[in-house]
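Chain naming here is simple, since letters A, B, ... match the order of the sequence lines and numbering starts at 1 in each.
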Amino acid sequence: MPSLEFSHPFDLAATLASGQIFHWENPEPGTFVGLIGEHGDHPAILHQPAPDAPVAIHHGDPHTIAHYLGHHHDLPSIQATFPQDAHIAAALAWSPGLRILSQPRWECTATFITSSMKNIPAIRKMSIALRQRFGKEIQIGSHTLHTYPTPETLAAVGETALRQCGLGYRATSLASAAESIASGQVDLAAPAHAQDLETARAHLTQLRGVGPKVADCVLLFAYARHDAFPIDVWVERIILQLYLAKKHKKNRTPAKIREFADTYFGPNRGYAQQFLFHHARHHLTKK
DNA sequence: CTCCAGGTCTCAT
DNA sequence: ATGAGACATGGA
């Protein structure tokens with residue numbers, strides 16, 4: 001059976017549970033079943049008995065899997081660009097092998113459009129419902145998987161059908177975004193060609209339901225833009241409680257938080273953000 | 001039952 | 001530029 005050796009820390013379970021991806025199944029300890037590849041239609045069954053152990057490939061193409069898992073990321077070099085402070089140190093110690101995935105563009109865009117004002121279990125539930133109702137069924141061993149529905153499919157089924165998957169007001173946004181992609185009005189290849197982050201963001205925020213936060217998530221998780229720094233309620237808490245705690249009110253505004261994030265955390269700040277986010281969700285109090 | 005969730009959009013200063 | 005409300009649904 002083929003396996004993937006990582007020369008730097010890698011923790012499959014932590015990576016898949018860190019709020020960047022929502023569809024993977026975990027039928028037994030250490031085993032994960034999901035769909036990957038450019039269009040999210042390539043099944044993979046992976047087994048990692050413990051963090052940093054080799055990843056056994058029970059099913060799937062090793063090259064596609066390696067790319068998806070960020071196998072080529074030089075984690076020590078990436079982490080060396082982070083600021084050295086106690087909060088970063090704690091986050092790195094909590095899950096040293098956390099990696100940023102390379103997700104399918106549309107799947108990532110769509111799931112984060114549905115993510116607003118929902119907790120992670122709810123995002124997963126909506127995502128699974130959409131897949132089961134409108135995705136293509138894929139049988140792999142004893143597992144039945146469903147691809148994330150294409151823009152064409154979601155545009156065709158319409159908003160009402162999407163509401164029945166529990167999307168609420170997000171159905172309007174998802175239906176509109178799907179239509180924009182399906183019609184060719186917005187091209188998800190464009191952000192990949194953009195030089196600067198601002199241009200890449202501008203391509204994505206043309207879509208309904210994609211604001212600055214979702215755009216940064218998509219750039220980070222689907223376009224390997226590790227300089228994109230999503231600021232959600234958790235990251236805002238982290239920065240306000242841990243970094244700007246003593247600052248005057250005037251320096252704790254959204255604009256100041258953004259400015260701090262973009263200058264303090266370095267060129268791989270998106271990566272740093274994911275370590276902080278994952279750690280905070282398990283340790284930080286809501287204040 | 002109440003509170004809140006990996007926000008965005010609109011419309012008001 | 002900055003701030004207040006509305007928005008639908010379900011998990012905790």
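Rounded to whole Å, the separation between the P atoms of dG5(C) and dG6(B) comes to 23 Å. Taking atom P in both dA8(C) and dC11(B), one finds a spacing of 15 Å when rounded to whole Å. To the nearest whole angstrom, the two P atoms, one in dA6(C) and one in dC3(B), are 16 Å apart.
Ring-centre distance between Phe6(A) and His71(A): below the 6.0 Å cut-off.
The CZ atom of Arg170(A) sits 13 Å away from the P atom of dA5(B) (whole-angstrom rounding). Residue Ile257(A) contributes atom CD1, which lies 11 Å from atom P of dG3(C) at whole-angstrom precision. As a whole-Å value, the separation of Leu220(A) CG from dG6(B) C1' is 12 Å. Atom-to-atom, CD of Glu159(A) to C1' of dA8(C) comes out at 12 Å; the value is rounded to the nearest Å. Remark: C1' of dT2(C) and NZ of Lys250(A) are 11 Å apart, rounded to the nearest angstrom. The CZ atom of Arg124(A) sits 13 Å away from the P atom of dA12(C) (whole-angstrom rounding). If you measure from atom CD1 of Ile113(A) to atom P of dT9(C), you get 18 Å, rounded to the nearest angstrom.
Using a 4.0 Å heavy-atom cutoff across all strands shown, Ala171(A) reaches no nucleic acid atom at all. No engagement by Thr114(A) is indicated, since no non-hydrogen atom pair under 4.0 Å with the nucleic acid exists. Gln273(A) comes within 4.0 angstrom of a nucleotide base, judged by non-hydrogen atoms across all strands. The residue Glu236(A) sits apart from the nucleic acid: no heavy atom pair falls under 4.0 Å.
Annotation: of the two residues near DNA chain C, Ala255(A) and Lys125(A), the 5′-most nearest-nucleotide partner is Ala255(A).
The side chain of Arg237(A) contributes an N or O atom lying less than 4.0 Å from OP1 or OP2 of dA5(B).
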Checklist line | Worked verdict on Tyr264(A) versus Tyr243(A) for ring pair (Phe, Tyr, Trp, His ring centres under 6.0 Å) | finding: CA-CA 10 Å; Tyr264(A) 180 73; Tyr243(A) 290 99; 5.4 Å; yes
* To do: May I have the step-by-step check of ring pair (Phe, Tyr, Trp, His ring centres under 6.0 Å) for Phe112(A) and Phe221(A), ending in yes or no?
  => CA-CA 10 Å; Phe112(A) 277 97; Phe221(A) 301 138; 5.6 Å; yes
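Between Glu137(A) and Arg131(A), no side-chain nitrogen of the basic residue sits less than 4.0 Å from a carboxylate oxygen of the acidic one, so the salt-bridge criterion is not met. With salt bridges taken as basic N to acidic carboxylate O contacts below 4.0 Å, one links Arg258(A) and Asp216(A).
Between His282(A) and His278(A), the two ring planes are perpendicular [angle over 60°; tilted spans 30° to 60°].
Taking only distance into account, the side chain of Arg163(A) never meets the base of dA8(C) through a donor-acceptor pair shorter than 3.5 Å.
Minimum heavy-atom separation, Leu219(A) to Ala228(A): CB-CB, 3.9 Å.
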Expected string for nucleotides 7-13 of chain B under the B/S/- scheme (protein heavy atoms, under 4.0 Å, primed atoms plus P, OP1, OP2 as sugar-phosphate) is BSSS---
